[in-house]
Each structure stands twice: as structure tokens, then as C-alpha cells.
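This report refers to the structure that appears directly beneath it.
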Amino acid sequence: MPKITYVEHDGTRHEIEAASGSTVMENAIRNSINGILAECGGACACATCHVYVDDAFADVAGRPDPMEEDMLDFAYDVRPTSRLSCQIKVSDALDGLVVHIPEKQG
Ligand code: FES
């Protein structure tokens, strides 16, 4: 199973095992990771699942599609590697993925 590490704003790290085919957001919720709210349940309609993909994985995780890009306009402190975690599908290629959680959502 691919491993994902979530890094909270204060530096607290959580390494979890994720099921392929699920999303980075779903795994955060399932593991009670602080700072990812996912208010719309993964419909790309709230921007409260915002994360920064670690630079080393930015290419593998891919870029936001136009719909995600539009929704990111509503996220707090957007940066070049910002993604909505509900739009990142877990696969073996993402094993070892590190995502950083912003100071706040929305
Ligand atoms: Fe709402 Fe990702 S959970 S946009």
C-alpha cells in the first residue's frame, strides 16, 4: 500500500498507509488528520482540503485541472504546488508522497 505523510502546519507528521484508488483527502479524513476539513465531501466545491504537495512529488501528483484551478482561487495562501487533496488519486506512483497542510483552510 502506498504511504502518505501529512505534515501539519506546526510540523507534526503523520505517516499512513493509503489504499490505491482512494484520494489523499479521503485518507486524511479516515485517519483524523488535523487541518483537512473537506466540507463538500470531495466534490471539488469547497477548497477546504487544500494541501501543498512536497516539491519532490509535484510532477508525479500532477497539476490541477481547470475546475480545481478555479476552486483553488478560494483557498488560503495558494502556492505553486497547491492542490485540492480530494482531486489527488492515490496510486503506487505516489508511494512516499508528502503533503503539507496550510495554516488554515478557506
Ligand atoms: Fe471540497 Fe476537496 S473536499 S474541494
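Hydrogens, waters and symmetry mates are skipped; everything else that's a heavy atom, side chains included, is used. All figures in this text were calculated on a predicted structure; none of them were measured in a lab. As the structure lists them, so they are numbered: ligands from 1, and atoms in each ligand from 1.
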Determine the sole option in Asp55, Val51, Thr5, Val53 for which the side chain to side chain contact (heavy atoms under 4.5 Å, CB included) test with Val98 is passed.
-> Thr5
Using modelled atom types only, decide if a donor and an acceptor are shared between the side chain of Asp95 and the backbone of Ser91 within a distance under 3.5 Å.
-> no
Glu8: what forms a side chain to side chain donor-acceptor pair (under 3.5 Å) with it, not counting sequence neighbours?
-> His14
Is the closest side-chain heavy-atom distance between Val24 and Val90 below 4.5 Å?
-> yes
Are the side chain of Gln105 and the backbone of Gly35 linked by a donor-acceptor contact shorter than 3.5 Å?
-> yes
What are the protein N, O or S atoms, given as residue plus atom name, that sit under 2.8 Å from atom 1 (Fe) of ligand 1?
-> Cys40 SG, Cys46 SG
Side chains of Ser85 and Val99: closer than 4.5 Å at any heavy-atom pair?
-> no
